[in-house]
Amino acid sequence: MTTGRGDGRDRTARPAMPRPLRTFTTLDALTRAVGDREDLYVRWSLGPEHDLREESSQDELTGVALPGLSASPLGREAWWGDRSARLWVARRLYDYCRLPRVRDPRTRPWLLRGTEVARGPDNEPLVTGVEPLGWIARAVIAEARDVVEEQSGRWGPPDRAASS
């Protein structure tokens with residue numbers, strides 16, 4: 001559906017933002033919400049109101065518009081087996097916890113349901129049909145960091161600045 005704005009251009013109508021989003025305040029609550037679902041993602045951005053205007057991300061290197069929002073999948077892979085779902089979710093959150101520091105301090109994580117339509121240049125899922133489900137509190141990120149850092153393996157979030 002398109003809507004005229006009186007300026008000679010048609011624009012695709014975007015769905016109205018839903019009621020105020022809930023906030024996940026513990027890693028356990030977020031892990032329960034994810035459960036065994038494969039259509040849930042976390043996105044680090046200024047939020048759904050900003051992102052759903054276009055429902056498109058942009059490749060930072062080339063400026064190319066991507067056919068969906070870049071997001072990190074929360075669904076567990078089959079190879080994870082019966083290992084801790086809580087650790088899986090913590091690791092997925094930890095992967096990008098640096099973004100508020102390196103991009104914009106207003107960047108926040110939020111949970112969404114969507115459909116993967118492509119992969120971005122970093123092999124990240126690009127999703128459309130996005131339904132915002134909730135904000136993820138800073139306390140959850142701190143909890144995820146603790147869970148990951150308790151593990152015995154040497155590992156950390158991707159850091160492009162360190163590779164230059």
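All residue numbers in this chain count up from 1 along the given sequence. These numbers were taken from a predicted model, which means no experiment stands behind them.
In terms of heavy-atom proximity, G63 sits nearest to Q58 at O-NE2, 2.9 Å. Taking every heavy atom of both residues into account, E116 and R119 meet most closely at OE2-NE, 2.8 Å. Closest heavy-atom contact between V130 and E55: N-OE2, 3.2 Å. Considering all non-hydrogen atoms of both residues, F24 and A33 come closest at CE2-CB, 3.6 Å. The shortest heavy-atom contact between P73 and Y41 is CA-CD2, 3.5 Å. Considering every non-hydrogen atom in both P109 and W135, the closest pair reads O-CE3, 3.7 Å.
Residue E38 qualifies as open at atom CD: its count of foreign heavy atoms under 6.0 Å is 12 or below. Applying the 6.0 Å contact sphere to CZ of R37 captures more than 12 heavy atoms from other residues, nucleotides or ligands.
Between L112 and L133 the shortest side-chain heavy-atom distance does not fall below 4.5 Å. Taking 4.5 Å as the limit, some side-chain heavy atom of P132 sits within range of a side-chain heavy atom of L52. The side-chain heavy atoms of R103 and E60, taken from C-beta on, include a pair separated by under 4.5 Å. Using a 4.5 Å heavy-atom cutoff, the side chains of V42 and D95 are not in contact. Looking at heavy atoms from C-beta onward, L27 lies in side-chain contact with L93 at the 4.5 angstrom threshold. P121 places none of its side-chain heavy atoms less than 4.5 Å from the side chain of L61.
A distance-only check finds no donor-acceptor pair linking the side chain of T23 to the backbone of T25 [under 3.5 Å]. A distance-only check finds a donor-acceptor pair linking the side chain of S56 to the backbone of L66 [under 3.5 Å]. Side chain of D122 to main chain of E124: no donor-acceptor pair is present (N/O by atom type, distance under 3.5 Å, no hydrogens or angles).
Applying the side chain to side chain donor-acceptor pair (under 3.5 Å) test to every pair with at least one member in residues 61-76, sequence neighbours left out, gives these pairs: D36-R76, R43-S70, S57-S70, D59-T62, S72-R92.
When D51, L126, T128, V117 are each tested for a side chain to side chain contact (heavy atoms under 4.5 Å, CB included) with L69, only one passes: D51.
Cluster annotation: L87 is connected to L30 through the hydrophobic network of ILVMFWY side chains, with a link wherever side-chain heavy atoms come within less than 4.5 Å. Residue I136 is grouped with residue L99 when hydrophobic side chains (ILVMFWY) are merged at heavy-atom distances under 4.5 angstrom, including chains of intermediate members.
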Practice item. List the steps, then state whether side chain to side chain contact (heavy atoms under 4.5 Å, CB included) holds for W44 with I141. Key: CA-CA 12 Å; W44 293 78; I141 304 308; 3.8 Å; yes
Practice item. Go through Q151 and R91 one step at a time and tell me if the side chain to side chain contact (heavy atoms under 4.5 Å, CB included) criterion holds. Key: CA-CA 10 Å; Q151 303 306 304; R91 184 176 183 163; over 6 Å; no
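When the ring-ring contact (aromatic ring centres under 6.0 Å, His included) test is applied to W88, the partners found at least two apart in sequence or on another chain are W79, W80.
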